[in-house]
Structure formats: structure tokens, C-alpha cells
J.: 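This structure is in C-alpha cells; I'll ask about it shortly.
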Amino acid sequence: MATRYTWFKAAVFALLVCNTVLFLSAGSTSEALDAAAWLVLLASFEFETGFGGRFREASAAAILRGVRLCAALAILAAAIGYIRGQEWLDAVNVGLWIAIVALLEFEIRRPHAVAAHRTWFAAVATLLYCGLGVTVLVWAGRGEWFDAYDALLWLVAFATIEIDLFKFARQVTPGSPSG
């Protein structure tokens, strides 16, 4: 089971790398910056949550958080580009993702608080992910199939991070309630 899951995550990440290369070569500046920054952000979360604690020591965690901060600044710059270009769906999508990342950061940094309020955190995450699902449907409804596919792929990628966070929380707070 773990092997299939690992291969699944690797396949999703490989597809995201392909999408990022496409945006870097044929997308707007905002799209290229957005795609590259999110890929770096995803990789940093994966390192911190998905490798059995190998990246949780203080120095590695500090480096990963610094990388995430740089990626977040790039994402903010892309969001500003979307707003200036009046690409509202892209701007809303980025705003929802920023909220997801803020929630993930809190879940990683404060696992005990999250364990105490798991239901609330799950409800907020569900609401945010549903909002992102709506953006997928809007892109599909507009016939913007690549954008819909890319957004759906990102949803799948971050869902794997959420799964890893549940495992991470159990390791940090043994015996804590899961729901």
C-alpha cells in the first residue's frame, strides 16, 4: 500500500513538473511564476511531512520554511499580476490556495492545537478545497480544459499533503484524537 501511494505521489509530482515546464515555456509571466513557486512550495511541504521526520530537525525545518517564504512571495507577485491583468478566476484561485497554505503551516507548526480542534480544521480545509473545486468546474465550464486539469491536479497533490499531515500529527501527538 505504501509503495503504491509513494508511486502515486511521484506520478502526480511528475505531471506537475510537466505542467510547470509548459507554463514556463508558453504561459504568461504570472502563470510561469505561479506554477514554479507552487511546485517549490509543494516540494517543501512534502519534504517536511512525507519523509518520516528526516527534515524535522531545526536546521532543515528552518531552511524549508525559508524556501516556503520565498515561494510565498513569488506567489503573491503572481497574484498581483493576475489582479492587474484582471484575471479574476486565477486571482481567486491563488487566494484560496494561500489560505490552504496558511492552514497547512499552522497544522505543521502547531500540531497539538490542531489535534485539540481537529473538527474545526477539517471543516475549514473542506470549505477551502470545495472553493478550489468550484474553480475547476468554472474553468471546465469555460472550456479552458488545461486550466481545469491543472487545478484538479493541484487539488490531488495537496490532498496527498493533507494525508501526510494526518500521519505527521499522529507522530507528533501520539494518542491524540484523529477527528
Side-chain angles (χ1 to χ4, degrees), residues 8-50 55 61-110 120-165:
F8 172 76
K9 287 191 333 182
V12 169
F13 194 81
L15 289 170
L16 288 170
V17 168
C18 292
N19 289 7
T20 300
V21 169
L22 184 63
F23 281 120
L24 287 170
S25 63
S28 68
T29 302
S30 292
E31 289 172 328
L33 187 58
D34 190 28
W38 282 111
L39 190 63
V40 168
L41 197 67
L42 178 69
S44 73
F45 275 118
E46 180 59 29
F47 282 127
E48 192 160 359
T49 63
F55 294 93
I63 290 168
L64 287 174
R65 289 179 182 144
V67 166
R68 278 205 296 276
L69 177 62
C70 291
L73 292 173
I75 290 164
L76 183 59
I80 291 168
Y82 289 139
I83 292 167
R84 284 188 177 162
Q86 297 184 352
E87 299 172 59
W88 301 115
L89 187 56
D90 289 295
V92 167
N93 185 57
V94 169
L96 288 167
W97 278 115
I98 289 170
I100 291 275
V101 168
L103 193 64
L104 288 171
E105 280 290 343
F106 193 85
E107 289 178 289
I108 289 172
R109 292 178 188 222
R110 304 279 187 256
W120 184 87
F121 278 92
V124 170
T126 299
L127 182 65
L128 292 170
Y129 282 115
C130 285
L132 290 166
V134 169
T135 64
V136 171
L137 295 174
V138 171
W139 271 310
R142 289 179 171 180
E144 297 175 25
W145 300 110
F146 185 76
D147 288 327
Y149 151 77
D150 184 62
L152 182 60
L153 191 59
W154 279 106
L155 277 170
V156 170
F158 271 83
T160 65
I161 296 295
E162 289 284 354
I163 290 167
D164 290 341
L165 269 171

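For reference, positions follow the sequence shown, starting with 1.
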J.: My understanding is that only residues two or more places apart in sequence, or in another chain, count here; which of them pass side-chain contact (heavy atoms from CB on, under 4.5 Å) with Leu15?
T.: Tyr149, Leu153
J.: List the residues meeting side-chain contact (heavy atoms from CB on, under 4.5 Å) with Phe106, not counting sequence neighbours, and say none if there are none.
T.: Arg110, Ala113, Val114, Phe121
J.: By the salt bridge (Lys or Arg N to Asp or Glu O under 4.0 Å) test, which pairs, at least two apart or in different chains, include something from residues 65-83?
T.: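 Matches after skipping sequence neighbours: Glu48-Arg65, Glu48-Arg68, Arg68-Glu105.
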J.: Among residues at least two apart in sequence or on other chains, which ones pass side-chain contact (heavy atoms from CB on, under 4.5 Å) with Ala74?
T.: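 Once residues adjacent in sequence are excluded, the partners of Ala74 under the side-chain contact (heavy atoms from CB on, under 4.5 Å) criterion are Leu33, Ala37.
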J.: Tell me, do Leu41 and Trp97 make a side-chain contact under 4.5 Å, heavy atoms counted?
T.: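 No, every pair of side-chain atoms sits at 4.5 Å or beyond.
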J.: What are the two closest heavy atoms between Trp38 and Ile98, and how far apart are they?
T.: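 Shortest heavy-atom contact: CH2-N, 4.0 Å.
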J.: Please set out all donor-acceptor pairs under 3.5 angstrom arising from side-chain atoms of residues 19-31, sequence neighbours excluded.
T.:
unit_1 : atom_1 : unit_2 : atom_2 : d
Asn19  : ND2    : Asp150 : OD1    : 2.7
Thr20  : OG1    : Leu16  : O      : 2.9
Ser25  : OG     : Val21  : O      : 3.1
Ser25  : OG     : Leu22  : O      : 3.1
Ser28  : OG     : Glu31  : N      : 3.1
Glu31  : OE1    : Ser28  : N      : 2.8

J.: What pairs of residues pass the salt bridge (Lys or Arg N to Asp or Glu O under 4.0 Å) test when at least one of them lies in residues 78-96, not counting sequence neighbours?
T.: none
J.: List in chain and number order the residues that pass salt bridge (charged side-chain N to carboxylate O under 4.0 Å, His left out) with Glu144, two or more places apart in sequence or in another chain; answer none if no residue qualifies.
T.: Arg142
J.: Under 3.5 Å, which donor-acceptor pairs link side chains of residues 124-132 to any protein atom two or more places apart or in another chain?
T.:
unit_1 : atom_1 : unit_2 : atom_2 : d
Thr126 : OG1    : Ala122 : O      : 2.7
Tyr129 : OH     : Glu162 : OE2    : 3.3

J.: Heavy atoms only: give me the nearest Trp154-Leu39 pair and the separation to one decimal.
T.: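 So the two residues come closest at CH2-N, 3.5 Å.
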J.: By side-chain contact (heavy atoms from CB on, under 4.5 Å), which residues pair with Val136, not counting sequence neighbours?
T.: Ala148, Ala151, Leu152, Leu155
J.: Does the side chain of Tyr82 come under 3.5 Å of the side chain of Asp34 through a donor N or O and an acceptor N or O?
T.: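 Yes, Asp34 and Tyr82 have a side-chain donor paired with an acceptor closer than 3.5 Å.
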